[in-house]
Amino acid sequence: MTHRQILKLPHIELTGDDSNSNILHVDMDAFFASVELKDRPELRGTPVIVGHSGGRGVVTSATYEARKFGIHAAMSMSEALRKCPGATVIEPSHEKYEAVSNRLQDIYYSMTPLVEPLSVDEAFLDVSGSRKLLGTPTEIGHKLREKVFLQENITCSVGVAPTKFIAKLASTRAKPDGLLVVSPEEVLARLGLFKVSDIANLPLNTLRRALGDGLAEHLHELSWGRDERSVEPYEPEKSIGNEETFSKDLDEAEDILREILRLSEKVATRLRAAELMGRTIVLKVRFSNFSTITRSKTITDPIDGTKDIYAITKALFENLKLDRVRVRLVGVRVEKLEEAETASRQLLLGESEKGWREIDKASDKASARFGDEAVKPARLID
DNA sequence: TCTGGGGTCCTAGGACCC
DNA sequence: TCTGGGGTCCTAGGACCC
């Protein structure tokens, strides 16, 4: 992959000057599908769908070749396959995406410390402090696209603008594989293209009635080019959870509890990795008719142990008193998070509790060294 | 159109306290 | 004890976002 190939990419579109546009919005193109194509280069240029192939499920990601058939993310798999029977289906491999996402973040941070990740494949960057070192925001945007492509073989789109809102519009407009700069003078003109001037002149109350208070006020402000939100480099996490839809509905309590244990283990491991503890434990259950319930328990002292979390989710489940009801999904989530460091340590850890902490820690270490499969609660080992 | 997974935010009722 | 008002926290569910 040469430098030239990137500069030759067809969709790059430049507008205006970037002297007052310091916000970059970066968005990978068809992220999951692009990651998969890295391992399956022979599929480049062909329609590829990432999603669960068995029956239920929706399209997680689709290549641009697949989109030509009208396939898009969130469409049901059955419909996608009907539209393009020849498409290659790849099962999503979330751990892989997580790893790529981490490496992408390293790239962002090599450009500026002010990074606000939005999702696995998207982020805002404030590059106002990077001009001296790395060049204009446009140049930084080019460097970013180049680095991502050379390192991960993924094309991405970058919007450069004075505010987050406009930067995001710009990156969407630049898709796929493009970079678009919107200078401040153009902001209102650009919004005018979407008839925002009409919105700006509309009485706010009318807008409120049409859209609801929050959205109306926000849009009204935006319509006047007012968007004072700055890039927040760090948003503390509010909850950590995992859920899983089974390929076949479960109705045996034993099987369901086994899944709940597995999810508790997963969530607890993530909590400890993030050095967080939580006080509210939520169990989510979806039945075969798609109706969904949640049950939660808030405790006084924060926890992060597999055994503690499982004890609570197990009790929540047993309280439902389900009698061979068909369950399609279970989820475990921990909320009211606190940093483990500052989390009330005065709670008297009995010796047995200490013992379990040691075991969890040892298990985390082994997982880090030998992979997730290395250490599992005994019930999970087949 | 028969519906994934990780999240956030909002609402509403109830318990409980002063 | 027949009953106000303000506030906080918890629980449950739903809308919505990427």
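Labels below follow one simple rule: chain letters A, B, ... track the order of the sequence lines, proteins then strands, and each chain is numbered from 1.
The shortest distance between the side-chain N/O atoms of A:Ser239 and the OP1/OP2 oxygens of B:dG6 is not below 4.0 Å. Remark: A:Arg286 is not in phosphate contact with B:dG5, judged by side-chain N or O atoms under 4.0 Å from OP1 or OP2. Between A:Arg328 and B:dG4, a side-chain N or O to OP1/OP2 separation shorter than 4.0 Å is absent.
For C:dG13, the paired base is B:dC10 (Watson-Crick or G-U wobble, both distances below 3.5 Å). Using Watson-Crick or G-U wobble geometry with both donor-acceptor distances under 3.5 Å, C:dG5 finds its partner in B:dC18.
Taking atom CG on A:Asp249 and atom P on B:dT3, their separation rounds to 11 Å, with Å as the unit. For the pair A:Arg82 CZ and B:dT1 C1', the computed distance is 9 Å after rounding to whole Å. Atom NE2 in A:His94 sits roughly 7 Å away from atom C1' in B:dG4 (whole-Å rounding). What separates CZ of A:Phe246 from P of B:dT3 is a distance of 16 Å, to the nearest Å. What separates CD of A:Glu98 from P of B:dG6 is a distance of 10 Å, to the nearest Å. Rounded to a whole Å, the CG atom of A:Leu329 is 6 Å from the P atom of B:dG5. Rounded to an integer number of Å, the gap from CD of A:Glu244 to P of B:dG6 is 8 Å. The separation between A:His72 atom NE2 and B:dT1 atom P is 12 Å, rounded to whole Å.
The C1' atoms of C:dT3 and B:dC16 are separated by 16 Å, rounded to the nearest whole Å. C:dG4 sits 16 Å from B:dA15 when the P atoms are compared, rounded to a whole Å.
In this structure, B:dC2 shows a glycosidic angle within 90 degrees of zero, which is the syn conformation.
In this structure, the aromatic ring of A:Phe290 is not positioned over the six-membered ring of the base of B:dC2 within 5.5 Å between centres and 30° between planes.
Annotation for A:Asp106: atom CG counts as buried by contact number, over 12 foreign heavy atoms lying within 6.0 Å. Around atom NZ of A:Lys297, no more than 12 heavy atoms belonging to other residues, nucleotides or ligands sit under 6.0 Å away. Heavy-atom contacts from other residues, nucleotides or ligands closer than 6.0 Å to CD of A:Glu275 number 12 or fewer. Within 6.0 Å of the CZ atom in A:Arg44, the count of heavy atoms belonging to other residues, nucleotides or ligands exceeds 12.
Nearest-nucleotide positions on DNA chain B for A:Gly241 and A:Asn289 put A:Asn289 closer to the 5' end. Each of A:Ser76 and A:Asn242 was matched to the nucleotide of DNA chain B holding its nearest heavy atom; the match closer to the 5' end belongs to A:Ser76. Residue A:Lys297 is the one, among A:Glu122 and A:Lys297, whose nearest nucleotide of DNA chain C lies closer to the 5' end (criterion: closest heavy atom).
Here A:Arg295 lies in heavy-atom contact (under 4.0 Å) with sugar-phosphate atoms only. Residue contacts shown for A:Lys284 are absent, as no nucleic acid heavy atom lies under 4.0 Å away. The residue A:Leu118 sits apart from the nucleic acid: no heavy atom pair falls under 4.0 Å.
Scanning both residues, A:Ala62 and A:Ala30, for their nearest heavy atoms gives O-CB, 3.4 Å. A:Thr136 and A:Arg131 make their closest contact through CA-NH1, 4.4 Å (heavy atoms, listed as atom of the first residue, atom of the second, distance).
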In B/S/- notation (B base, S sugar-phosphate only, - none; protein heavy atoms under 4.0 Å), nucleotides 9-18 of chain B written 5' to 3' is S---------
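Side chain of A:Arg145 to backbone of A:Cys156: a donor-acceptor contact under 3.5 angstrom is found.
Hydrophobic clustering of Ile, Leu, Val, Met, Phe, Trp and Tyr side chains at less than 4.5 Å, counting indirect connections, unites A:Leu316 with A:Phe287.
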